[in-house]
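What follows is a short report on a single structure.
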Amino acid sequence: QVQVVESGGGLVQPGGSLRLSCVVSGSGFSINRMGWYRQAPGKQREVVAAITSGGSTNYADSVKGRFTISRDNAKNTVYLQMNSLKPEDTAVYYCNANVVFSVRQYAYWGQGTQVTVSS
């Protein structure tokens, strides 16, 4: 059984920083792409950043230069370092992991963690 658990959200002032973590637990699988998504009230879920198992990354234009995604393959963990936070970054942030069992790939999601940027 695969579980995806995020942590690290909270309330921060504009210009501040937060670091999100996401751990994928279970056994018998490998993980391809991992990503962070966010969903603000009244808006669609959008991709924030993603990273392949080899370390290639991509970012939404709105967070380039401010957010950094990284992963520790040995720990099945992905991180999102968020700097220079803005009120428009306020959203629920979700972790996504593409998990491979033998030759089949499945997408798993965490429950989400709230990030609020406000003074």
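- Other residues, nucleotides and ligands place no more than 12 heavy atoms under 6.0 Å from the CD atom of Q44.
- Pairing each heavy atom of C95 with each of V4, the nearest pair is SG-CG1, 3.9 Å.
- Taking all atoms of both residues into account, the shortest heavy-atom contact from V115 to L20 is CG2-CD2, 4.1 Å.
- Residue pairs meeting the ring-ring contact (aromatic ring centres under 6.0 Å, His included) criterion with at least one partner in residues 12-63, sequence neighbours excluded, are F29-F101, Y37-W109.
- At least one cation-pi condition fails for R38 and Y94: the charged atom is not both under 6.0 angstrom from the six-membered ring centre and inside a 45 degree cone around its axis.
- The two residues N83 and S17 have their closest heavy-atom pair at OD1-OG, 2.9 Å.
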Could you give the side-chain donor-acceptor pairs of residues 64-71 under 3.5 Å, partners two or more places apart or in another chain?
{"unit_1": "K64", "atom_1": "NZ", "unit_2": "D61", "atom_2": "OD1", "d": "3.1"}
{"unit_1": "R66", "atom_1": "NH1", "unit_2": "S84", "atom_2": "O", "d": "2.9"}
{"unit_1": "R66", "atom_1": "NH1", "unit_2": "D89", "atom_2": "OD2", "d": "2.8"}
{"unit_1": "R66", "atom_1": "NH2", "unit_2": "S62", "atom_2": "O", "d": "2.9"}
{"unit_1": "R66", "atom_1": "NH2", "unit_2": "D89", "atom_2": "OD1", "d": "3.0"}
{"unit_1": "R66", "atom_1": "NH2", "unit_2": "D89", "atom_2": "OD2", "d": "3.4"}
{"unit_1": "R71", "atom_1": "NE", "unit_2": "N73", "atom_2": "OD1", "d": "2.6"}
{"unit_1": "R71", "atom_1": "NH1", "unit_2": "N32", "atom_2": "O", "d": "2.7"}
{"unit_1": "R71", "atom_1": "NH1", "unit_2": "I51", "atom_2": "O", "d": "3.3"}
{"unit_1": "R71", "atom_1": "NH1", "unit_2": "T52", "atom_2": "O", "d": "3.1"}
{"unit_1": "R71", "atom_1": "NH2", "unit_2": "I31", "atom_2": "O", "d": "3.3"}
{"unit_1": "R71", "atom_1": "NH2", "unit_2": "N32", "atom_2": "O", "d": "3.3"}
{"unit_1": "R71", "atom_1": "NH2", "unit_2": "N73", "atom_2": "OD1", "d": "3.2"}

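- S25 OG to Q3 CD: the interatomic distance, rounded to the nearest 0.5 Å, is 4.5 Å.
- Put simply, the side chain of P87 does not reach to within 4.5 Å of the side chain of S118, judged on heavy atoms.
- Partner N96 forms a side chain to side chain contact (heavy atoms under 4.5 Å, CB included) with one of R45, M34, R33 and no other, that one being R33.
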Task: V24 and V2: CA distance, side-chain angles, deciding distance, side-chain contact (heavy atoms from CB on, under 4.5 Å) verdict - done: CA-CA 7 Å; V24 182; V2 177; 3.7 Å; yes
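- Between L11 and Q114, every side-chain heavy-atom pair lies at or beyond the 4.5 Å cut-off.
- Here the shortest heavy-atom pairing between A91 and Q39 reads CB-O, 3.5 Å.
- Residues V78 and Y108 are members of one and the same hydrophobic cluster, defined by side-chain heavy-atom contacts under 4.5 angstrom among Ile, Leu, Val, Met, Phe, Trp and Tyr.
- Annotation: salt bridge (charged side-chain N to carboxylate O under 4.0 Å, His left out) contacts involving residues 95-119, sequence neighbours excluded, are absent.
- No donor-acceptor pair closer than 3.5 Å links the side chain of Q105 to the backbone N or O of V99.
- Hydrophobic clustering of Ile, Leu, Val, Met, Phe, Trp and Tyr side chains at less than 4.5 Å, counting indirect connections, unites V63 with V12.
- Considering all non-hydrogen atoms of both residues, T90 and A40 come closest at O-CB, 3.7 Å.
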